[in-house]
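Contents: one structure, followed by commentary.
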Amino acid sequence: MRTQVAIVGAGPAGLMLSHLLHLRGISSVVVENQSRGHIEQRIRAGVLEQGTVDLLIESGVGDRLRREGLVHHGLELRFGGRGHRIDLSGLAGGRSITVYAQQEVVKDLISARLAAGGDIVFEAQGVSLHDISGPAPRVRYRKDEVAREIECDFIAGCDGFHGICRASIPPGALTAYDHVYPFAWLGILAEAPPVSPELIYCHHDRGFALFALRTPRLSRLYLQCRADEDPASWPEERIWDELRKRLGENGNAALQPGPMLQKGLTGMRSFVVEPMRQGRLFLAGDAAHIVPATGAKGLNLAIADVRVLAIALERHYRHGAPDALERYSDTCLRRVWRVQRFSAWMTSLLHLHEEGGKMRQRLQIAELDYLTRSRAAATAFAENYVGLPFDD
Ligand code: RFL
Ligand code: PHB
């Protein structure tokens, strides 16, 4: 089989890239090792930046998002038992965020690709990359026990943090920046009405908690816990009790428990590789970088990467101009590092840290106090949270 761009991974990055390339008349094949059912049910992100929403709508895959997505103009920061609203839209020039689950974005993209005759290979086994630095790279895999090969001009490594693309780059060609946090999030999806129509980020001396949502009847809740915590040691009652405590007194009345549909642990990590390219292999999304989930940026960063890559590939194919592809890594990394900074800052601001003691906790409260009282500080927060503008 031959295609112009072989894409490894059918997460948001790989699917969106395939869609954006199709709109530019560039062929691609997406190779995914999981089943369609699996990736359409995988619960992950839920917050889309304004730029992500705009891109999904402009590129024709935003109809359901526009109907079902919940537009949020603000959020709450809670500390010292009190809530403080940040008027995101008022501070960030009318921009907003939209709550719409990642697996819904994935479903919308898969159905758009398949409706347009796009090629997505699900349940591909043993995916491997070959000759990534030569003129004719190839992707090999097995499907139904038959060995297959895709010849292509370029490979897009969109296979997430644990994928094989980054690992196919010779050691020494990449510099990795890595920080693993000593805490994690216990994430819960519960059939319970959200405590509030807007997200609540809670700083508490028992640890961080986040009250998010998926729909007006489905809550998405997170509790800071130890990195090696066993989710089995958190029965439902203990979770509701802890959520109640971290939300603080004023919120108690609004917390209405309901059946928990899913429970899992999410590690917290800041990770970047430089450059995001080796020869004809371009890394995008979680394959190249991970942000701690506090800023809600991972999916948005993945979409920002593939937007840059699609534009660069169009310049290559339409105008024979290699400049944008040459700049791909630098262009993406500028945004990646600004988003890393924001995500690490928000993580440090809101979590309970074992090191640093009482002094650190008092400084966190002082910073939260400043953030909620100073229009300048709140504006900087809002500008980052709704998403920095795209730059090329
Ligand atoms: P993905 O989504 O991991 O997709 C990679 C795809 O590659 C496949 N794959 C392979 N395919 C073929 N061969 C192989 N050898 C392969 N190895 C892997 C995988 O099966 C998968 O389908 O990466 P992508 O596309 O870069 O997208 C990144 C996002 O998924 C991720 O950054 C976000 O989910 C992070 N994140 C959040 N991001 C936000 O923007 N807003 C949020 O509110 C938000 N909340 C979150 C999050 C991530 C979380 N978890 C569980 C990590 C909340 C949580 C709890
Ligand atoms: C979510 O809705 O899953 C979510 C929201 C905000 C975050 C992370 C995750 O910072």
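These values consider heavy atoms only, across backbone and side chains, with no hydrogens, waters or symmetry-generated copies.
Looking at Asp241 and Lys245, a side-chain N of the basic residue comes within less than 4.0 Å of a carboxylate O on the acidic one, giving a salt bridge. Residues Glu242 and Arg238 are not paired through a salt bridge, judged by the lack of any N-O separation under 4.0 Å between the basic side chain and the carboxylate. Ion pairing of Glu355 with Arg360 is present here, as a side-chain N (NZ or NE/NH1/NH2) and a carboxylate O approach within less than 4.0 Å. Of the charged side-chain nitrogens involved, at least one lies within less than 4.0 Å of a carboxylate oxygen, so that Arg327 and Asp323 count as a salt-bridged pair. A salt bridge links Lys297 with Glu49: at least one charged nitrogen is closer than 4.0 Å to a carboxylate oxygen. The residues Arg85 and Glu198 are annotated as salt-bridged, a charged nitrogen and a carboxylate oxygen being separated by less than 4.0 angstrom.
Screening residues 158-176 for side chain to side chain donor-acceptor pair (under 3.5 Å) gives no qualifying pairs among residues at least two apart or on separate chains. Within the structure, side chain to side chain donor-acceptor pair (under 3.5 Å) pairs that include any residue of residues 4-25 comprise Gln4-Ser27, Ser18-Ser28, Ser18-Arg113, His19-Ser59, Arg24-Glu314 (at least two apart or interchain).
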Walk me through whether Gln103 and Ile43 qualify under side chain to side chain contact (heavy atoms under 4.5 Å, CB included). CA-CA 6 Å; Gln103 73 269 26; Ile43 297 173; 4.0 Å; yes
Start with the C-alpha distance between His204 and Phe79, add both sets of side-chain angles, then the distance that settles ring-ring contact (aromatic ring centres under 6.0 Å, His included), and finish with yes or no. CA-CA 6 Å; His204 195 279; Phe79 56 97; over 10 Å; no
Verdict with supporting geometry, Trp345 and Gln340, side chain to side chain donor-acceptor pair (under 3.5 Å): CA-CA 8 Å; Trp345 168 78; Gln340 287 286 354; over 6 Å; no
One pair to check against side chain to side chain contact (heavy atoms under 4.5 Å, CB included): Leu313 and Leu21. What are the steps and the verdict? CA-CA 8 Å; Leu313 286 165; Leu21 292 178; 3.8 Å; yes
Check against side chain to side chain donor-acceptor pair (under 3.5 Å), His179 and Ser270: CA-CA 5 Å; His179 176 70; Ser270 298; over 6 Å; no
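Under the side chain to side chain contact (heavy atoms under 4.5 Å, CB included) rule, Ile132 has a single partner from Gln278, Arg277, Arg280, which is Gln278.
Here CG of Leu368 is found 4.0 Å from CG of Leu349. Values are rounded to the nearest 0.5 Å.
Thr3 contributes no side-chain N or O that, together with a main-chain N or O of Ala6, makes up a donor-acceptor pair within less than 3.5 Å. Looking only at distances, no side-chain donor or acceptor of Asp144 sits under 3.5 Å from a matching main-chain atom of Val146. A donor-acceptor pair is defined here as one N or O able to donate and one able to accept, closer than 3.5 Å; such a pair exists between the side chain of Gln50 and the backbone of Ser96. Side-chain atoms of Ser374 do not come within 3.5 Å of backbone N or O of Leu371 as any donor-acceptor pair. Side chain of Gln364 to backbone of Ser348: a donor-acceptor contact under 3.5 angstrom is found. For the pair Arg246 (side chain) and Arg206 (backbone), a donor-acceptor distance under 3.5 Å is present. The backbone N or O of Ile311 lies less than 3.5 Å from no partner atom in the side chain of Arg315, so there is not a single donor-acceptor pair. The backbone N or O of Gly90 lies less than 3.5 Å from a partner atom in the side chain of Asp87, making a donor-acceptor pair.
Hydrophobic side-chain contacts under 4.5 Å tie Tyr370 to no other Ile, Leu, Val, Met, Phe, Trp or Tyr residue.
Remark: Ala167 pairs with no residue by the side chain to side chain contact (heavy atoms under 4.5 Å, CB included) rule, at least two apart or across chains. For Glu123, the side chain to side chain contact (heavy atoms under 4.5 Å, CB included) test picks out Ser35, Lys143, with sequence neighbours left out. Taking Tyr328 as the reference, Phe282 meet the ring pair (Phe, Tyr, Trp, His ring centres under 6.0 Å) condition, with sequence neighbours excluded. Applying the side chain to side chain contact (heavy atoms under 4.5 Å, CB included) criterion to Pro257, with sequence neighbours excluded, gives Trp240, Arg244. Remark: His130 engages Ser128, Arg138, Arg140 in a side chain to side chain contact (heavy atoms under 4.5 Å, CB included) (not counting sequence neighbours). Applying the ring pair (Phe, Tyr, Trp, His ring centres under 6.0 Å) test to Phe211 and every residue at least two apart in sequence or in another chain returns nothing.
Nearest heavy-atom pair, Arg142 versus Ala147, reported as atom, atom and distance to 0.1 Å: CG-CA, 4.1 Å. Between Arg36 and Ile110, the shortest heavy-atom contact is NE-CG2, 3.5 Å. Taking both residues in full, the closest heavy atoms of Leu333 and Val273 are given as CD2-O, 3.9 Å, listed atom of the first, atom of the second, then distance. Here the closest non-hydrogen pair linking Ser89 and His73 is OG-ND1, 2.8 Å. In this structure, Thr215 and Leu70 approach most closely via the heavy-atom pair CA-CD1, 4.1 Å. Shown here for Leu213 and Pro197, the closest heavy-atom pair between the two residues is CD2-O, 4.1 Å.
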List, one per line, each side-chain donor-acceptor pair under 3.5 Å for residues 150-158, sequence neighbours excluded.
{"unit_1": "Asp153", "atom_1": "OD1", "unit_2": "Arg2", "atom_2": "NH2", "d": "2.5"}
{"unit_1": "Asp153", "atom_1": "OD2", "unit_2": "Arg2", "atom_2": "NH2", "d": "3.4"}
{"unit_1": "Asp153", "atom_1": "OD2", "unit_2": "Tyr317", "atom_2": "OH", "d": "2.6"}

List the atom pairs, donor and acceptor, that lie under 3.5 Å between side-chain atoms in residues 283-294 and the rest of the protein, sequence neighbours left out.
{"unit_1": "His289", "atom_1": "ND1", "unit_2": "Gly285", "atom_2": "O", "d": "3.4"}
{"unit_1": "His289", "atom_1": "NE2", "unit_2": "Asp305", "atom_2": "OD2", "d": "2.6"}
{"unit_1": "Thr294", "atom_1": "OG1", "unit_2": "Thr347", "atom_2": "OG1", "d": "2.7"}

Hey, can you pull the donor-acceptor pairs under 3.5 Å for the side chains in residues 221-229, sequence neighbours left out?
{"unit_1": "Tyr222", "atom_1": "OH", "unit_2": "Arg220", "atom_2": "NE", "d": "2.9"}
{"unit_1": "Tyr222", "atom_1": "OH", "unit_2": "Arg220", "atom_2": "NH2", "d": "3.3"}
{"unit_1": "Gln224", "atom_1": "OE1", "unit_2": "Phe208", "atom_2": "N", "d": "2.8"}
{"unit_1": "Gln224", "atom_1": "OE1", "unit_2": "Leu352", "atom_2": "N", "d": "3.0"}
{"unit_1": "Gln224", "atom_1": "NE2", "unit_2": "Leu352", "atom_2": "O", "d": "2.8"}
{"unit_1": "Arg226", "atom_1": "NE", "unit_2": "Asp228", "atom_2": "OD1", "d": "2.9"}
{"unit_1": "Arg226", "atom_1": "NH2", "unit_2": "Asp228", "atom_2": "OD1", "d": "3.4"}
{"unit_1": "Glu229", "atom_1": "OE1", "unit_2": "Arg226", "atom_2": "N", "d": "3.0"}
{"unit_1": "Glu229", "atom_1": "OE2", "unit_2": "Trp234", "atom_2": "NE1", "d": "3.0"}

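At most 12 heavy atoms of other shown residues, nucleotides or ligands fall within 6.0 angstrom of atom CZ in Arg375.
Between Phe342 and Phe381, the two ring planes are tilted [angle within 30° to 60°].
When side chains are defined from C-beta on, Val5 counts as touching Ile7, because their heavy atoms get closer than 4.5 Å.
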